[in-house]
Number of protein chains: 2
Amino acid sequence: MVFSRETQLSGPTTKRVRIYDVAQAAGVSVATASKALNDTGRMTEETRSRVKEAASNLGFRPNAMARGLIQRRSFTVGLLTNDTYGRFTLPLMAGVSEELVDQGVSVFLCTIEDDPALAKIHVDAMLDKQVDGIIASGKRIDRQLPVDLTNLNVPVVYAFTQAPAEAVSLVSDDAGGSREAVEWLKTLGRRRIVHVTGPKSFASVEERAGAYRTSVGGSGSVLFGTWSEQWGHEAVSQLWSVGGDKPDAIFCGNDQIARGVVDALRERDVSVPDEVSVIGFDNWEIVAAATRPPLTTIDMNLKALGREAGRLVLALAAGETVEPGIRKLPCQLVIRQSCGGVLRN
Amino acid sequence: MVFSRETQLSGPTTKRVRIYDVAQAAGVSVATASKALNDTGRMTEETRSRVKEAASNLGFRPNAMARGLIQRRSFTVGLLTNDTYGRFTLPLMAGVSEELVDQGVSVFLCTIEDDPALAKIHVDAMLDKQVDGIIASGKRIDRQLPVDLTNLNVPVVYAFTQAPAEAVSLVSDDAGGSREAVEWLKTLGRRRIVHVTGPKSFASVEERAGAYRTSVGGSGSVLFGTWSEQWGHEAVSQLWSVGGDKPDAIFCGNDQIARGVVDALRERDVSVPDEVSVIGFDNWEIVAAATRPPLTTIDMNLKALGREAGRLVLALAAGETVEPGIRKLPCQLVIRQSCGGVLRN
DNA sequence: TTGAAAGCGCTAACAG
DNA sequence: CTGTTAGCGCTTTCAA
């Protein structure tokens, strides 16, 4: 293959082909060409296919800006997030994109730390570009983005972030996930199940802890800490430093804590999963798979959440009525080896 | 704050204000309003500010599609990647966005697994939307994306992925980073430095290994394996199972391997960093910071690489001439505790 | 200094 | 069945 120097150095070479060129080539008017290509209007099959052939010969692709100007939509949505690390946003984004790509919709990703000024710049840029809608997302469901998205004149769907009242909002079902985790441990015959989790200040921590307590039936004990491996270690120290029966299962608030717990137990020669089952939360591949043994954990199905967010924002954009309120999407148990039990994979 | 049900349920309420409305309010023609707002043309300062005030009162924002149709640019660039996990793409994206947001440019993120059909759909969608340029990126520098981006009629910049000859391409300086790692170990007085790295089939592995060999001066030894913690463990087993002098430093091909190495050494009661210094590569926060002790490592400065990619693609779009070829951007030593030595932080 | 008019590339009425 | 016309919201000659 040969590359002209020109091409690589300064971009564009060939002019874009317009519908006018297609019309010329097919020997019809621009209007007819438009109708032929969009499968609208009525005309002989022969004409339609002649136009389509001309278009494909010329490599015609309609200019989305011209089209958008008329149709008042850009086939574009914005995904706004303050999750710079992407732990939650990326799977969400994958879902959104997967849902929308077939409809020709592209996604602007806007990452806005926690800077209101930056957020406003991004939102304004999206609005200028006439996005069909905005999906607001974050890294925790009890904090709002640092920008007001109400009264925008484009639809907004909130996913994995706190939403104003009456908004359309999507979160994962923390309580349900928690329940699944505990039920699985009980299924495996565990009876002394402890919950080691993150800071009390997180709504999801309270939600999961509440569901845990209900599921274990009053006998539970919850240790709050930070979202770190370090805390997992420390929690094990605390649990094993007191006398009496040790736990036979530890349900952790996230995979990092779970990894810390598993490592700490191994260092004490407590066998996982033989003596103690450990279950995580998040299914963060890099953590869950590298743990020895690999973590059984709860997946929040963020990709599915993203798909749903994409679906809803487009529905709203199309003028459909969507019931406002918070939708909780189910979590899913992912079985690896840290609990024992059935092995999928 | 009160939310009208209407607003939340079916999106748009107020009509967008057009430049026509601004012109009316300011009592001038649309043409004058345009010039006033864009600081072009000549008119009394009074008129100009009157228009600007009207615009800001009405909350006017120009429709980017209408504007783009004329100017033939969309103030939009596409970031194409096959790095679904986002390990490399996210920092890159952050850099691109940071560089471009001030210029009003938004970024489409398109993740394309390794599916050529999906890639084509995404590229076509971007082209239809008249992106000003495309940044192609990936997860390794010796593999191409599954799509041909030459002869596109928009500029393309390659970042962290293999580029065709004569393209503008950005990668991090693997050899330089490797050299920095080894030099740092030597500075700390280490003399028996071993390199534990990933699969030989990766160009960056060969590149780093080559620079390592040069830097240690012929006495080196390189162990190739996989990019996993597991392999880090195993490598330590191998190294410590043979007789003779043990290494006093291990330079790892990535942070995951380094973590495996550190964990394995701790399990053998070999002190890090007192007896052995361990240095990683990537500065993947989640891994580097959670390791005990936290990893000293090499950062590839992907965010800076992203900024540069953004800068270049816009320069190309503006018709500027950019020298083709591969640009290597410097890596940077990040000192934590796994090597000993100065403590920043 | 200001405004009227043309037109970016496309779609949608309405005629023919 | 097909083409002519108008116009999306804006910028940009060009004339007044």
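Remember, it's a predicted structure, so these values are computed and weren't measured experimentally. The basis for the numbers below is simple: all heavy atoms, side chains too, and nothing from hydrogens, waters or symmetry mates. Chain naming here is simple, since letters A, B, ... match the order of the sequence lines and numbering starts at 1 in each.
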- [ ] Work out which heavy atom in A/Gly78 is nearest to a heavy atom in A/Val131; give both atom names and the distance.
- [x]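 It is N-CG1, 4.1 Å.
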- [ ] Determine the minimum heavy-atom distance between A/Thr161 and A/Gly138, stating which atoms define it.
- [x]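 Looks like CB-N, 3.6 Å.
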- [ ] State whether B/Thr44 places a side-chain N or O below 4.0 Å from either non-bridging phosphate oxygen (OP1 or OP2) of C/dT2.
- [x]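 Checking B/Thr44 against C/dT2: at least one side-chain N or O falls below 4.0 Å of OP1 or OP2.
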TODO: Would you mind building the protein contact string for nucleotides 7-16 of chain D? One character per nucleotide, 5' to 3', B for base within reach (heavy atoms under 4.0 Å), S for sugar-phosphate only, - for untouched.
DONE: BBBBBB----
Give the rounded distance in Å between these two atoms: [atom1] of [X] and [atom2] of [N].
X: A/Arg48; N: D/dG3; atom1: CZ; atom2: P; answer: 13 Å
X: A/Gln130; N: C/dC10; atom1: CD; atom2: C1'; answer: 16 Å
X: B/Arg73; N: C/dG9; atom1: CZ; atom2: P; answer: 17 Å

Task: Basic-acidic side-chain contact under 4.0 Å: A/Glu308, A/Arg311 - done: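 Yes, A/Glu308 and A/Arg311 are salt-bridged.
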Task: B/Asp83/B/Arg87 ion pair, N-O < 4.0 Å - done: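 A salt bridge is absent here (no side-chain N lies under 4.0 Å from a carboxylate O).
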Open item on the list: Given 3.5 Å as the limit, does a donor-acceptor pair link the side chain of A/Ser49 with the main chain of A/Glu45, or not?
Closed with: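 Yes, the answer is positive, given that a donor and an acceptor are paired below the 3.5 Å cut-off.
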Open item on the list: Under a 3.5 Å distance rule, please check whether A/Asp21 uses its side chain to pair with a backbone N or O of A/Arg18 as donor and acceptor.
Closed with: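 Answer holds: yes.
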